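Report on the structure given below.
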Number of protein chains: 2
Amino acid sequence: MSVDERRGRPTIRDVARHAGVSITTASRVVNGKPYVQRELVDRVRAAITELGYRRNDLARGLKVRRSRSIALVIADLSNPFYGACAAAIEETCRSRGYSLLLCSSDEKPDIEQAYLQLLLQRQAEGILLIPTDRDHSDLVDEQTAGIEIVAIDRPIQGLATDCVVVDNDVAAKAATQHLLDHGHSRIAYIGAAPTLYTNVERLRGYESALAGAGRAPIVRMGAASVGSARRAAQSVLQMKDPPTAIFTMNNLVTVGVLQAAHEAGLEVPRDLAIVAFDDVVLADVLRPRLTVIRQPARELGEAAARMLIERLEGAYSGVPRIVRLPTTFVVRESCGCHAETQLEGPRGGSLQAARS
Amino acid sequence: MSVDERRGRPTIRDVARHAGVSITTASRVVNGKPYVQRELVDRVRAAITELGYRRNDLARGLKVRRSRSIALVIADLSNPFYGACAAAIEETCRSRGYSLLLCSSDEKPDIEQAYLQLLLQRQAEGILLIPTDRDHSDLVDEQTAGIEIVAIDRPIQGLATDCVVVDNDVAAKAATQHLLDHGHSRIAYIGAAPTLYTNVERLRGYESALAGAGRAPIVRMGAASVGSARRAAQSVLQMKDPPTAIFTMNNLVTVGVLQAAHEAGLEVPRDLAIVAFDDVVLADVLRPRLTVIRQPARELGEAAARMLIERLEGAYSGVPRIVRLPTTFVVRESCGCHAETQLEGPRGGSLQAARS
DNA sequence: ATGAAAGCGCTAACAC
DNA sequence: GTGTTAGCGCTTTCAT
């Protein structure tokens with residue numbers, strides 16, 4: 001064993017020595033740069049395979065001042081909606097040559113904050129953030145210090161960034177209207193954290209539809225888990241004049257409401273119609289099949305990743321963009337319909353100025 | 001703007017200058033090391049906040065030769081089973097001070113291979129791998145070169161590593177036996193890729209139960225998606241003497257089989273009993289509720305991460321361990337039962353030598 | 001076409 | 001206690 005094959009992984013220095021060339025030449029070959037003789041290229045290549053050399057990207061990043069890594073701070077990976085989103089992000093980042101640092105905030109502001117600090121230390125070039133429900137204006141400094149941030153699913157409070165969301169209000173309004181068209185007059189809304197952006201928007205759409213029909217809203221909030229959603233549904237179903245239809249705010253809530261409906265022995269949609277925001281896996285084998293607003297989870301992630309990378313590579317550096325992606329209203333049976341139809345949500349995913 | 005606040009993020013050198021101390025002292029304060037005067041500590045701290053200094057972990061890693069990052073190469077993030085697994089891994093890694101590099105192989109060997117190379121370059125200290133269905137003996141060199149690998153969900157072909165799986169065969173056998181106990185004699189098995197480890201193991205359990213009862217197996221393989229699972233179920237249901245029960249190999253297959261059963265107008269469990277491997281979200285609001293083998297997805301991820309970190313920190317360096325975690329048989333109604341019961345699978349998650 | 005040398009930001013001997 | 005200095009592995013002028 002010669003001196004250049006000692007402890008640890010071989011460095012480019014080892015490769016150079018082994019091939020009998022300078023470090024510069026070795027580096028050129030490693031990075032596929034021109035201006036190296038055929039023969040030297042071969043010698044270096046041979047040394048590389050022989051030694052099992054692999055470039056150290058950390059050292060490289062230190063020198064070129066680019067980590068080529070992007071961080072994803074996600075709310076909850078075990079939620080299929082975010083899972084699909086993350087999968088699309090991962091693909092997009094990889095295809096553009098970036099690595100993905102994964103962080104799960106579990107919707108907790110303090111975990112998120114700690115992560116954001118860590119990611120700065122780790123030299124993430126950009127951050128894809130599904131922000132927790134708190135003020136983020138403390139990040140203004142970091143932003144001006146050069147780190148790019150793109151928000152997903154909800155805008156970041158107190159920070160102007162690129163952002164990609166879905167047409168929550170429009171979709172919720174259309175779905176509620178659909179229930180009204182079926183003749184329902186008492187339609188309940190069961191939502192998660194009251195101040196959560198998506199909840200606020202969806203509630204707005206729901207209320208706007210009801211107002212248009214001169215009906216009174218029936219709202220239950222704070223259903224942050226399947227269990228609490230179930231309890232919320234129970235409470236609403238035990239009213240003196242219970243609703244004949246329920247609009248559920250997300251997939252967790254949907255499961256809880258379905259459980260409560262079963263327990264109460266209600267037949268859907270005869271006794272209780274249901275329309276859900278967010279598709280769920282077994283929606284089409286449920287009896288009756290579930291009518292849902294399907295979110296473009298993958299497109300959401302992909303768009304966000306693309307926008308971030310555009311910023312990182314200087315392809316865009318203007319004012320913060322907000323992209324609103326269309327949902328799909330999948331009409332099945334739980335709303336009272338018989339046939340399955342898919343309606344494209346209004347407005348395409350065009351770049352729009354911030355909404356009114 | 002003084003000279004130490006010029007372009008880019010401030011370095012420890014800037015901090016030292018700003019505080020009027022040496023770089024070493026600044027470094028000591030940054031890393032919370034002892035032997036620094038109270039007063040200097042304060043001065044350095046002040047400089048840090050004033051400058052907005054953040055340690056560059058890449059540079060640090062280069063020096064201390066540790067990246068403190070772990071890579072997760074996962075099959076499919078949009079599958080809730082892997083999502084839950086990933087969430088647990090993320091938590092475990094964070095709590096131990098490691099960052100997580102996320103890579104999705106999409107079950108494709110070439111993507112996986114490219115990632116493995118990249119991760120080496122990125123100086124990942126260890127790899128958590130849900131391996132694709134190929135021979136991995138090319139990784140032997142990397143392994144001896146010092147990178148630690150732990151397999152999840154299935155062992156790595158051609159590579160002896162720590163590994164954590166569930167009791168596939170035992171669980172499948174018990175579930176099949178349950179169907180036999182209900183009086184079924186024609187029980188079909190619908191599985192994914194024929195050579196996939198989990199498929200092989202589950203099939204083994206299924207066949208062993210049938211053999212014990214003197215019944216003939218009815219097997220359909222290659223159902224790698226919901227659609228193909230549905231077609232497989234259709235084909236099996238159109239046999240001259242169709243099965244009266246189906247054992248589904250994973251959550252994708254389950255959905256496809258359920259679809260096929262609906263289409264065929266079969267009433268479950270009267271016309272067709274179903275037992276599924278892997279829990280699904282709406283299993284308990286389906287009518288009838290679905291009897292499933294629940295996998296400990298989070299525990300799987302957590303155990304794997306813990307084992308990897310033990311290796312990285314020298315807490316264990318013995319022979320490859322294989323951990324087999326118990327599943328839970330959740331008896332609901334699709335099997336023909338009426339009550340809901342949970343049976344702990346046999347054998348705890350004890351460390352065992354490689355299986356026979 | 002090739003190489004010598006400087007230095008990215010940091011830590012850790014080692015000297016004072 | 002504090003500071004000087006030598007690299008970690010790499011890229012990149014700038015000579016030659």
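All figures in this text were calculated on a predicted structure; none of them were measured in a lab. Residue numbers begin at 1 in each chain, while the letters A, B, ... track the order of the sequences.
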Quick one, give me the B/S/- string for nucleotides 10-16 of chain D, reading 5' to 3', where B means a protein heavy atom under 4.0 Å from the base and S means that only happens at the primed atoms, P, OP1 or OP2. BBB----

Whole angstrom is fine here: how far is it from [atom1] in [X] over to [atom2] in [N]?
{"X": "R65(A)", "N": "dC8(C)", "atom1": "CZ", "atom2": "C1'", "value": "6 Å"}
{"X": "L58(A)", "N": "dC10(C)", "atom1": "CG", "atom2": "P", "value": "14 Å"}
{"X": "Q121(A)", "N": "dG9(C)", "atom1": "CD", "atom2": "P", "value": "15 Å"}
{"X": "Q123(B)", "N": "dG9(D)", "atom1": "CD", "atom2": "C1'", "value": "9 Å"}
{"X": "D14(B)", "N": "dC10(C)", "atom1": "CG", "atom2": "C1'", "value": "13 Å"}
{"X": "R9(B)", "N": "dC10(C)", "atom1": "CZ", "atom2": "C1'", "value": "15 Å"}

Could you check whether [X] pairs with [Y] (Lys NZ or Arg NE/NH1/NH2 to Asp/Glu carboxylate O, under 4.0 Å)?
{"X": "R306(B)", "Y": "E310(B)", "answer": "no"}
{"X": "E125(A)", "Y": "R66(A)", "answer": "yes"}
{"X": "K108(A)", "Y": "D106(A)", "answer": "yes"}
{"X": "R298(A)", "Y": "E302(A)", "answer": "no"}

For atom CZ of R45(B), decide whether the heavy atoms of other residues, nucleotides or ligands shown that lie under 6.0 angstrom number more than 12.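 No, CZ of R45(B) has 12 or fewer neighbouring heavy atoms, counting only those of other groups under 6.0 Å.
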
According to a strict under-4.0 Å criterion, is R66(A) in side-chain N/O contact with OP1 or OP2 of dC8(C)?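 Looking at the OP1 and OP2 atoms of dC8(C), neither is under 4.0 Å from any side-chain N or O of R66(A).
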
In this structure, which one of L102(B), L308(B), L72(B) forms a side chain to side chain contact (heavy atoms under 4.5 Å, CB included) with I89(B)?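 Result: among L102(B), L308(B), L72(B), L72(B) is the only option passing the side chain to side chain contact (heavy atoms under 4.5 Å, CB included) with I89(B).
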
Sequence neighbours left out, what passes side-chain contact (heavy atoms from CB on, under 4.5 Å) with A75(B)? Give chain and number order.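 Applying side-chain contact (heavy atoms from CB on, under 4.5 Å) to A75(B) gives Y82(B), E107(B), I130(B), R154(B).
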
Considering heavy-atom distances to DNA chain D, does G20(B) or L62(B) have its closest nucleotide positioned more toward the 5' end?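 By nearest-heavy-atom nucleotide position, the 5'-most residue is G20(B).
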
Quick check for you: to the nearest 0.5 Å, what is the distance between Q157(B) atom CD and S137(B) atom OG?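 Separation between the atoms: 9.5 Å.
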
Among R54(A), R55(A), R60(A), which one satisfies salt bridge (Lys or Arg N to Asp or Glu O under 4.0 Å) with D57(A)?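 Running salt bridge (Lys or Arg N to Asp or Glu O under 4.0 Å) over R54(A), R55(A), R60(A) with D57(A) returns exactly one hit, R55(A).
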
Please round to 10 degrees the angle between the axis of the first five pairs and the axis of the last five pairs in the helix from dA1(C)-dT16(D) to dC16(C)-dG1(D).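 Its terminal axes enclose an angle near 40°.
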
